[in-house]
Amino acid sequence: MSKLGKQFELVVSDVVKEMDPGSTVRQGEWVEGPDGARELDVIVEGTVDGVMRRIQIECRDYNPKRRSIGIGHIDALDSKHRDLNIDVSLLCSNAGFTKDAIRKAKRLGIGLIGVLRENDQRIRYRVIDEMYIRRVDFVPRSANISFDFIGCLPPQGSICCEEIMYEGLPVYNWLVSRVAIFIYSNPIVKGVHSLNFRFKHPIEFTLPFNHVLAKAVRIQFKISGGWFAQRVEIDATSGLYDWIRRTIRLGLGPGKISYKGVKFGEGGNPIDRPPDFELANPRALAEGEVYVWISDIGGIDVPKNIPVLDNFVLDDDLEPVHHDLPSETYYSEH
């Protein structure tokens, strides 16, 4: 790997480990095409699940202070891809990529890779990319809680929801925890939402003056907020950054991911909403990949003393990701 430099070894090794044993790696090879010989930085040939694949990896070791990889490099790589019947093409850079290059690479299906190795002086380029930060507030006093009781009902307005207990702990605390899970699991920033929890069988709750059975509990609440675009530095002890999908592929063994310079309370440019692929829910991730949503949720504090009720609730009602939410709830209010 001397020609490529140590910072690119991780890219090649990550590709090879996805292939069946017996794959070959060659570098600096000239391959004959329809218009003459073309040089390939790295060519990996082997099988994936029994199917032969040819993968080319181009590496650009530039001075990041002078220029990033532009659209011309994408055009050149795509030309080799088509001329030489390549299955997968990857471009690895230590100097980042222009927005036009990222846009075209995504359209052509070309992978753009950056190397992450925290505190490694051989990596001269810091991966800095735009992230979309969600700032959402749980609207105070917007919660409306109702129980589906069986038999003798408590008098209307005679108790508050915090007084309804299960095994000595407020059911309200469990509802607050489920609201927090819902907000964190869905990339929404506004709207009135309802969560309905049906029990597999009636549950006995304790009131100040007696006991009562319930078949279900429902909470309705409102959130308000918006999206902000902010450029942050992304690093890891060992990994690859996918500029197209904005994911991190971690190296083998223990490690950590760092997002540096994130401003939670302020900062960033307000936007209506992120691109569609950023809001894909749940987001498809390959083995070893990590994607981070940064959310600043205010107005809701999850209590420590939470009754154990999940086991009594129908599985469908515990699903945190909701696919049928109104489209306007994904758009900022600002």
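Fair warning: this is a prediction, and the values are worked out from it, not measured in the lab.
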Roughly how far apart are [X] [atom1] and [Y] [atom2], rounded to 0.5 Å?
| X | Y | atom1 | atom2 | value |
| --- | --- | --- | --- | --- |
| I102 | L112 | CD1 | CG | 6.5 Å |
| I57 | Q27 | CD1 | CD | 10.5 Å |
| E278 | Y330 | CD | OH | 14.5 Å |
| W227 | N269 | CH2 | CG | 15.0 Å |
| S93 | H73 | OG | NE2 | 8.5 Å |
| N196 | D316 | CG | CG | 11.5 Å |

Minimum heavy-atom separation for [X] and [Y], please, with both atom names.
| X | Y | value |
| --- | --- | --- |
| V176 | P303 | CG1-CD, 3.8 Å |
| H81 | S89 | ND1-OG, 2.6 Å |
| P320 | S185 | CB-OG, 3.4 Å |
| A216 | F199 | N-CD1, 3.6 Å |
| F182 | L325 | CZ-CD2, 4.1 Å |
| S332 | G226 | OG-CA, 3.3 Å |

Qualifying residues under side chain to side chain donor-acceptor pair (under 3.5 Å), relative to E29, sequence neighbours excluded:
R26
Checking T329 now: which residues fulfil side chain to side chain donor-acceptor pair (under 3.5 Å) with it, not counting sequence neighbours?
none
With sequence neighbours excluded, what pairs up with Y259 under the ring pair (Phe, Tyr, Trp, His ring centres under 6.0 Å) test?
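Ring pair (Phe, Tyr, Trp, His ring centres under 6.0 Å) check on Y259 returns nothing, list empty.
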Contacts of F147 that satisfy ring pair (Phe, Tyr, Trp, His ring centres under 6.0 Å) - sequence neighbours left out
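Scan of F147 (ring pair (Phe, Tyr, Trp, His ring centres under 6.0 Å), adjacent residues dropped) gives F149, F205.
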Does the pair [X]/[Y] count as a salt bridge with the N-to-O cut at 4.0 Å?
| X | Y | result |
| --- | --- | --- |
| D317 | R198 | yes |
| D235 | K260 | yes |
| D35 | R38 | no |
| R218 | D148 | no |
| E130 | R231 | no |
| K80 | E58 | yes |
| D242 | R246 | no |

Tell me whether [Y] is reachable from [X] by hopping between hydrophobic residues (I, L, V, M, F, W, Y) whose side-chain heavy atoms are closer than 4.5 Å.
| X | Y | result |
| --- | --- | --- |
| V192 | I300 | no |
| I181 | Y172 | no |
| V313 | I203 | yes |
| V302 | Y166 | yes |
| L108 | W243 | yes |

side-chain contact (heavy atoms from CB on, under 4.5 Å), that's the test. Do I55 and I43 meet it? Break it down for me.
CA-CA 6 Å; I55 302 171; I43 180 74; 6.0 Å; no
Sequence neighbours excluded, the answer for side chain to side chain contact (heavy atoms under 4.5 Å, CB included) partners of D100 is I71, T98, R103
Partners passing side chain to side chain contact (heavy atoms under 4.5 Å, CB included) against S327 (at least two apart in sequence or in another chain)
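Side chain to side chain contact (heavy atoms under 4.5 Å, CB included) list for S327, sorted by chain: empty.
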Are any non-hydrogen side-chain atoms of [X] and [Y] less than 4.5 angstrom apart?
| X | Y | value |
| --- | --- | --- |
| I110 | L77 | yes |
| P274 | L279 | yes |
| V171 | F197 | no |
| V179 | I219 | yes |
| V136 | D296 | no |
| V217 | I145 | yes |
| I164 | L207 | yes |
| S79 | D83 | yes |

Could you check V25 against V42 for side-chain contact (heavy atoms from CB on, under 4.5 Å), going step by step and ending with a plain yes or no?
CA-CA 7 Å; V25 179; V42 177; 3.9 Å; yes
Check the surroundings of atom OH in Y331: do more than 12 heavy atoms from other residues, nucleotides or ligands lie under 6.0 Å from it?
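Open.
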Around atom NZ of K263, are there more than 12 heavy atoms from other residues, nucleotides or ligands closer than 6.0 Å?
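Open.
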Side chains of T47 and R53: is there a donor and an acceptor less than 3.5 Å apart?
no
Tell me yes or no: between the side chains of E289 and Y291, is some donor less than 3.5 Å from an acceptor?
no
With respect to I223, which candidate in V139, I188, D137 satisfies the side-chain contact (heavy atoms from CB on, under 4.5 Å) definition?
I188
What orientation do H193 and F221 show, parallel under 30°, tilted 30 to 60°, or perpendicular over 60°?
tilted
Passes salt bridge (charged side-chain N to carboxylate O under 4.0 Å, His left out), K104 versus D78? Steps please.
CA-CA 10 Å; K104 185 158 190 179; D78 182 55; over 6 Å; no
Kindly indicate, with the supporting measurements, whether the criterion side-chain contact (heavy atoms from CB on, under 4.5 Å) is fulfilled by Q230 and M131.
CA-CA 5 Å; Q230 183 182 335; M131 294 197 67; 5.7 Å; no
For D276 and R273: C-alpha separation, side-chain torsions, deciding distance, then whether side-chain contact (heavy atoms from CB on, under 4.5 Å) applies.
CA-CA 9 Å; D276 288 341; R273 54 166 275 171; 2.4 Å; yes
Keeping E45 on the side-chain end and M52 on the backbone end, is there a donor-acceptor pair under 3.5 Å?
no
